[in-house]
Amino acid sequence: MTSITLNISGMSCAACAKNVERVLNKQEGILNSQVNFATEKINLEFDENIISVEMISTVVQGAGFTLHLPEPEPKSDIVDSIAQHKFDEMKDLWRRFIWSAIFTIPLTLFSMIPMTLHSLGLMWIPHNLDPMHFPAFNGIAQLLMTIPVMIVNKQCFVNGFRSLFAGRANMDSLIAKGTAVAFLYSLYLTIENILFMGHNMFYYETAAVILTLIVLGKYLEAKTKGRTSEAIKKLMGLAPKTAKVIRENVEIEISIEEVIVGDIILVRPGEKIPVDGIVLQGSTSVDESMLTGESMPVNKKEGDDVIGAGINKNGSIRYKATKVGKDTVLSQIVKLVEDAQNSKAPIARLADIISGHFVHVVIVIAILAGLAWFISGQGVAFSLVILVSVLVIACPCALGLATPTAIMVGTGKGAENGILIKGGESLEIAHKIKTVVLDKTGTITEGKPQVTDIVAKGNYNIDEILHLAASAERQSEHPLGEAIVNYGIEKFNTSLTQEPYPEHFKSITGQGIEAHIQDKSILIGNKRLMENHKINLEHYEVESDNLAYEGKTPMYVAIDKKLEGIIAVADIIKPTGKAAITKLYNMGIDVVMITGDNKRTAEAIAREAGIKKVLAEVLPHDKAENVKQLQAAVQKDKKVAMVGDGINDAPALAQADIGIAIGNGTDVAIESAEIVLMRGDLMGVAQAIYLSKRTMRNIKQNLFWAFAYNVLGIPIAAGVLYIFGGPLLDPMIAAVAMSFSSVSVLLNVLRIKRVKITM
């Protein structure tokens with residue numbers, strides 16, 4: 001099976017998208033096709049042994065649309081060509097509007113002013129063009145001004161009637177049929193006047209004005225729709241076009257597409273980092289806010305990773321390229337956002353079903369309404385106005401744009417803030433989250449032990465205890481020992497290389513270490529190590545118990561067989577951890593911490609973080625089962641989210657209704673999750689849920705108004721108000737209303753861009 005996403009053009013409404021799906025899904029070898037009207041993309045799954053992309057393109061072309069096949073060119077050029085295509089399309093729509101307006105404005109004045117002046121007893125126009133005395137000449141003049149408008153907008157008729165005759169009617173079919181009826185009836189009246197003379201009204205201006213307003217509406221829709229995809233455009237434009245690489249000891253500037261893994265790249269202050277890599281020489285700070293949403297620059301030194309598209313702030317660095325092309329973080333983010341924007345949310349299914357039958361139903365309603373008025377005694381002209389008004393006011397576009405455009409803007413807004421949402425379904429489900437399960441290590445906490453307390457009550461002060469302990473632990477590979485060494489380096493602002501090296505070092509598994517420094521015997525470890533060496537712990541019992549209660553690991557330090565102090569090490573809570581958990585509770589969401597730690601340590605961390613429910617001593621393979629039990633406990637329409645960062649979290653992330661991965665975690669966790677937090681900040685969980693709520697609210701507003709518009713607009717156009725003495729809807733007003741309905745949906749969607757999700 002092959003999966004591919006391609007651009008498709010020529011669609012005028014959601015019914016077109018449904019028609020393409022219907023045609024393709026009938027083809028042998030095509031397993032699934034999903035067309036997104038808002039993004040103008042098609043997701044295909046097909047058996048390449050049965051059908052090829054070229055054959056699919058031919059089928060799509062036969063349905064009246066164009067499939068843009070992938071070209072063997074750099075991605076940046078493809079992006080430019082797509083952008084150029086969009087620009088040319090908008091330019092063509094604007095050109096059609098201008099030419100339409102040039103003929104429509106005088107036509108409207110010419111058709112309406114004479115009648116107005118005549119009613120006032122004024123004769124300000126040439127006598128032989130007066131419609132009341134010479135309707136034939138007046139009709140010919142209007143015909144000559146209408147024909148150019150019809151020619152400029154001929155594509156509407158070509159697409160509309162082709163789809164109509166193929167049984168796949170769309171919005172163009174409604175417009176083409178309505179304006180064609182108005183034009184042909186006016187042409188009949190003109191011929192009748194030429195042959196028999198008469199005092200008849202014409203409807204040329206109705207056809208011309210409708211076409212002009214429709215093309216203006218399409219232009220505004222295309223322009224507004226373009227703003228909904230600004231996020232992906234910004235992401236694509238982040239990477240620099242060139243890179244300075246060192247090859248054979250010579251600095252050369254090459255295209256970013258030519259960079260290969262292993263290249264040594266030079267980046268000076270103010271320049272963008274071309275691709276992902278690892279720093280070999282130099283130090284600097286890098287602004288990665290455009291990718292992670294993190295506002296503060298990140299310090300980089302030798303051995304640190306750098307991400308392509310970051311901005312080098314204040315130092316020159318040389319680094320080795322480790323990921324290029326589609327493997328870079330930026331490319332992966334772009335792919336995730338593109339996939340999310342092209343996906344369909346479950347809430348869109350109802351709109352899709354309605355759009356698929358909408359146009360045919362409207363045509364039937366229009367014909368029945370026109371016939372009903374004609375049978376009731378109204379003339380042909382009156383019935384014609386009803387038929388054209390119903391055809392023109394109906395708008396499947398608003399229904400088709402309601403959901404996908406909101407998904408586009410919502411996922412783009414998330415990406416701008418370091419929240420990657422992998423699909424429309426994930427964005428929709430997230431607003432139903434009732435319970436959030438948080439892994440402890442690396443999610444709530446930093447995931448790296450740090451020294452938190454030093455207690456000294458004997459012959460040595462705190463600095464002396466730390467000095468000896470850090471020197472002794474230099475050979476240790478245990479995380480707790482590394483924490484002591486790192487704290488010593490930070491505290492004394494030294495690498496400790498000048499300090500005395502242990503003359504003897506022994507690591508005792510499960511207990512600690514034993515070392516000799518300058519004739520001093522050093523023991524550092526847990527209670528068991530001290531008891532084995534018969535060292536009295538009595539004077540430090542209170543401090544030890546208090547530290548353990550707080551979730552810290554007390555490490556005893558004995559010098560020459562006497563306990564001289566305690567160094568406490570703990571995996572501390574992330575700076576925004578407690579505030580994020582409080583925010584989740586305030587949003588009405590239950591928070592559960594899950595960890596493999598012992599119950600006492602887990603409860604201490606939970607107390608500090610403000611978490612009320614703890615699942616402790618849970619083995620890695622049992623985490624998914626615990627999530628499953630929580631899912632069974634919540635209401636049917638509520639969801640459970642799992643937040644984690646490690647390999648052992650992957651099964652639980654997959655089991656949860658929504659898996660949320662901390663972006664600085666493992667690739668396995670990220671692959672298993674539906675939402676990825678690039679910053680590694682727990683506040684992103686609350687932000688993602690809030691963004692989902694706002695996006696879903698926007699989608700529901702769009703769908704409500706789209707349904708309401710058609711439910712109210714079509715009966716009014718059919719003359720329901722006229723029955724009770726109200727006004728009759730003019731077809732030109734119907735055209736304005738139809739165009740405004742789509743634009744209003746898009747303008748409402750763009751409100752999501754102004755939502756502040758930072759908390």
*Asks:* By the definition side chain to side chain contact (heavy atoms under 4.5 Å, CB included), identify the one residue from L24, T5, I4 that meets it with I42.
*Replies:*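 Filter result, single survivor: L24.
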*Asks:* Counting N and O atoms only, with roles assigned by atom type, does the side chain of K753 sit under 3.5 Å from a partner on the main chain of V409, one being a donor and the other an acceptor?
*Replies:* no
*Asks:* CG/L44 to OG/S3 distance, rounded to the nearest 0.5 angstrom?
*Replies:*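 Going from CG on L44 over to OG on S3, the span is 9.0 Å.
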*Asks:* Any chance you could measure K177, atom NZ, to I363, atom CD1, to the nearest 0.5 Å?
*Replies:*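 Going from the NZ atom of K177 to the CD1 atom of I363 covers 5.0 Å.
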*Asks:* With sequence neighbours left out, what residues match K218 under salt bridge (Lys or Arg N to Asp or Glu O under 4.0 Å)?
*Replies:* D172
*Asks:* Donor-acceptor pair, T179 side chain versus I175 backbone, under 3.5 Å?
*Replies:*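 Answer holds: yes.
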*Asks:* Given 3.5 Å as the limit, does a donor-acceptor pair link the side chain of E40 with the main chain of N7, or not?
*Replies:*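 Checking the backbone N and O of N7 against the side chain of E40, no donor-acceptor pair under 3.5 Å is found.
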*Asks:* Can you name the nearest heavy-atom pair linking L107 to A208, along with the distance?
*Replies:* CD2-CB, 3.5 Å
*Asks:* Which atom pair, heavy atoms only, marks the closest approach of K413 to V755?
*Replies:*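 Minimum heavy-atom separation between K413 and V755: CE-O, 2.8 Å.
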*Asks:* I'd like to check I699 versus M696 (side-chain heavy atoms, cut-off strictly below 4.5 Å). Are they in contact?
*Replies:*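 Counting from C-beta outward, I699 and M696 do come under 4.5 Å.
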*Asks:* How long is the straight-line distance from CH2 of W705 back to CG of L712, given to the nearest 0.5 Å?
*Replies:* 9.0 Å
*Asks:* More than 12 foreign heavy atoms under 6.0 Å from CD of Q61: is that the case here?
*Replies:* no
*Asks:* Within this structure, what is the CZ-NZ distance for the pair R697 and K700, rounded to the nearest 0.5 Å?
*Replies:* 10.0 Å
*Asks:* For the pair F97 and W94, name the ring-plane relationship: parallel under 30°, tilted 30 to 60°, perpendicular over 60°.
*Replies:*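 Tilted.
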*Asks:* Walk me through whether I365 and I714 qualify under side chain to side chain contact (heavy atoms under 4.5 Å, CB included).
*Replies:* CA-CA 9 Å; I365 292 173; I714 292 174; 4.0 Å; yes
*Asks:* What residues, two or more places apart in sequence or in another chain, satisfy side-chain hydrogen bond (donor to acceptor under 3.5 Å, both in side chains) together with N25?
*Replies:* S33
*Asks:* Quick one: do T190 and Y204 satisfy side chain to side chain donor-acceptor pair (under 3.5 Å)? Show the steps, please.
*Replies:* CA-CA 10 Å; T190 303; Y204 288 118; 2.7 Å; yes
*Asks:* Could you walk me through whether E257 and S255 pass the side chain to side chain donor-acceptor pair (under 3.5 Å) test, one step at a time?
*Replies:* CA-CA 5 Å; E257 286 84 10; S255 167; 2.4 Å; yes
*Asks:* What distance do I8 atom CD1 and F65 atom CZ have between them, rounded to the nearest 0.5 Å?
*Replies:*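 Here the interatomic distance stands at 6.5 Å.
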*Asks:* List for me each residue that meets side-chain hydrogen bond (donor to acceptor under 3.5 Å, both in side chains) alongside Q701, sequence neighbours excluded, and say none if there are none.
*Replies:*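 Applying side-chain hydrogen bond (donor to acceptor under 3.5 Å, both in side chains) to Q701 gives N748, R751.
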*Asks:* Among all residues two or more places apart in sequence or in another chain, which pass the side-chain hydrogen bond (donor to acceptor under 3.5 Å, both in side chains) test with T206?
*Replies:*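 If we apply the side-chain hydrogen bond (donor to acceptor under 3.5 Å, both in side chains) test to T206, skipping adjacent residues, there are no hits.
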*Asks:* Looking at T411 and M408, what are the two nearest heavy atoms and their distance?
*Replies:* OG1-O, 3.1 Å
*Asks:* Determine whether N702 and T403 satisfy the following criterion, side chain to side chain donor-acceptor pair (under 3.5 Å), listing intermediate values before the conclusion.
*Replies:* CA-CA 8 Å; N702 290 341; T403 300; over 6 Å; no
*Asks:* Check for a donor-acceptor pair, side chain of N698 on one end and backbone N or O of R694 on the other, with a separation under 3.5 Å.
*Replies:* no
*Asks:* With sequence neighbours excluded, what pairs up with T104 under the side-chain hydrogen bond (donor to acceptor under 3.5 Å, both in side chains) test?
*Replies:*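 side-chain hydrogen bond (donor to acceptor under 3.5 Å, both in side chains) check on T104 returns T212.
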*Asks:* Run the side-chain donor-acceptor check on residues 380-396: report pairs under 3.5 Å with partners two or more places apart or on a different chain.
*Replies:*
residue: S383; atom: OG; partner: G370; partner atom: O; Å: 3.3
residue: S383; atom: OG; partner: F374; partner atom: N; Å: 3.2
residue: S383; atom: OG; partner: G379; partner atom: O; Å: 3.1
residue: S389; atom: OG; partner: V385; partner atom: O; Å: 2.8
residue: S389; atom: OG; partner: L729; partner atom: O; Å: 3.1

